[in-house]
Amino acid sequence: VRITEQNWLDHVEKHPEIESYHGDIPTVLQDPHVVYRATEDEVHHFYRLGIGKGRLRNLYLRVIVTYSESGEGWIKTVFFTTQANVPGGRLLRFRHPTQGDAP
Amino acid sequence: MMDLDQVAEQLRAEHRAFIERIVAANQNLADLLSREPLTLEWDAEGDILYLTLGKPRESTTENLTDCAYIRVDPETLELHGLEFHYATEQLEEFPHLRKSLQAAARLTKTPLDRLPPALAGEDVPADAATVAQSLRELVSAR
């Protein structure tokens, strides 16, 4: 999964709260607590708790990735979110931070 | 332990309740729009339309639909902005969205050549109260 430097700077301009969390993106993608497939099959939403600080401490860091037909992923956007739900999407994974994976 | 379908239903219910809280927390939207400058920007390459109150600032970002997002203060839930992904397609598909954003475009005096073509053409009221009402309906109708 990739993101260009310019693309990251564009995201930070619109979502300034993510500025200091660039280094946490691999953790979200490799070990998410929640994963949704969006209504467009090639778009996946990855969520992870326990990363945000201050007023963001109870929120999910969420990374939205678009995959090409060859399987290459591009980060579409990154932000903090309170609710893990994608309307019309399909929940693929839910792992409670203390209770483990839902079957 | 709940299975994934049960968890998904619970997450949907929690999400609906949270959006209701956001709606309730923004009853004074007209006042907010009269205090905070509103800007409308279109990222043509990504086809994302951003409606921002004041300057971009620390927010929590929630889905209104699969393609529309609302940004609010993480504690007060006061509106900070809206984002529309796949904006061109969304504006063509949903007339109420187009009308709301046309009003916002007029209010912000954003040059039409910097916005999706679908926002040109119609003459709509552009005072803060009308835009506030229009945005409130947009969020409530998610």
Side-chain angles (χ1 to χ4, degrees), chain A residues 4 6-7 10-21 33-41 43 45 47 52-64 66 74-96 98-103, chain B residues 1-22 25 39 41-52 54-77 80-86 89-90 142:
Chain A
T4 65
Q6 186 56 52
N7 200 225
D10 291 344
H11 290 316
V12 170
E13 184 186 341
K14 299 299 181 193
H15 304 154
E17 67 275 7
I18 65 168
E19 185 170 14
S20 61
Y21 295 95
H33 288 131
V34 182
V35 181
Y36 270 92
R37 186 179 64 218
T39 46
E40 310 85 17
D41 284 348
V43 179
H45 297 234
Y47 302 72
K53 297 175 181 65
R55 300 200 313 152
L56 306 171
R57 67 188 176 284
N58 294 323
L59 276 58
Y60 291 97
L61 182 57
R62 177 173 175 182
V63 182
I64 304 179
T66 301
W74 289 90
I75 292 176
K76 188 173 170 65
T77 189
V78 181
F79 48 74
F80 279 90
T81 196
T82 306
Q83 298 297 317
N85 180 46
V86 178
R90 174 81 182 159
L91 180 62
L92 301 180
R93 179 181 188 182
F94 181 84
R95 180 159 62 90
H96 192 280
T98 56
Q99 296 172 17
D101 277 287
Chain B
M1 181 181 279
M2 292 192 292
D3 65 25
L4 269 183
D5 287 341
Q6 292 171 314
V7 171
E9 183 50 44
Q10 182 176 322
L11 293 175
R12 277 193 290 274
E14 290 174 1
H15 182 202
R16 281 194 296 270
F18 193 68
I19 297 297
E20 292 301 331
R21 284 180 55 204
I22 290 174
T39 55
E41 292 175 84
W42 181 38
D43 167 7
E45 189 180 347
D47 198 17
I48 302 175
L49 192 60
Y50 298 93
L51 183 70
T52 309
K55 290 184 177 176
R57 58 206 138 139
E58 185 178 81
S59 306
T60 179
T61 306
E62 310 300 326
N63 281 84
L64 288 174
T65 68
D66 57 338
C67 299
Y69 297 86
I70 186 166
R71 284 174 58 78
V72 299
D73 183 276
E75 292 172 346
T76 67
L77 305 186
H80 288 174
L82 295 164
E83 292 183 13
F84 302 93
H85 295 203
Y86 307 100
E89 185 184 317
Q90 298 292 308
R142 63 200 175 274

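To find a chain, count down the sequence lines: A is the first, B the second, and so on, and within it residues start at 1. Predicted, not measured: the structure shown is a model, and the values here were computed from it.
Take A:L92 and apply the side-chain contact (heavy atoms from CB on, under 4.5 Å) test, not counting sequence neighbours, and it matches A:V35, A:R37, A:H44, A:R90.
For the set B:A8, B:S59, B:G46, the entry with the most heavy-atom pairs within less than 4.5 Å of chain A is B:S59. By number of non-hydrogen pairs under 4.5 angstrom with chain B, the leading residue of A:R62, A:K76, A:E17 is A:E17. Chain B forms the most heavy-atom pairs under 4.5 Å with one residue out of A:P87, A:G52, A:G88, A:A84, and that residue is A:P87. Between chain A and the residues B:D73, B:I48, B:D66, B:V72, the largest count of heavy-atom pairs under 4.5 Å involves B:D66.
Contacts of B:D43 with chain A are absent, with no heavy-atom separation under 4.5 Å from either backbone or side chain. Looking at A:H15, the atoms closer than 4.5 Å to chain B (heavy atoms on both sides) sit in the backbone and in the side chain alike. Contacts of A:L61 with chain B are absent, with no heavy-atom separation under 4.5 Å from either backbone or side chain. Heavy atoms closer than 4.5 Å to chain A are found nowhere in B:H80, neither backbone nor side chain. Proximity to chain A (any heavy atom under 4.5 Å) is restricted, for B:E41, to the side chain, taken from C-beta onward.
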- [ ] Would you sort out whether B:Y50 and B:E83 count as a side-chain contact (heavy atoms from CB on, under 4.5 Å), showing the intermediate values?
- [x] CA-CA 5 Å; B:Y50 298 93; B:E83 292 183 13; 3.5 Å; yes

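Salt bridge annotation for B:E14-B:R21: absent, with no cationic side-chain nitrogen under 4.0 angstrom from a carboxylate oxygen.
For the pair A:N85 and B:L11, the tightest heavy-atom approach, listed with the atom from each and the gap, is CB-O, 4.0 Å.
A:Y60 and A:Y47 have perpendicular rings, their planes meeting at more than 60° on a 0 to 90° scale where under 30° would count as parallel.
The backbone N or O of A:T82 lies less than 3.5 Å from a partner atom in the side chain of B:E62, making a donor-acceptor pair. Panel note: side chain B:E9, backbone B:Q6; no donor-acceptor pair is recorded below 3.5 Å.
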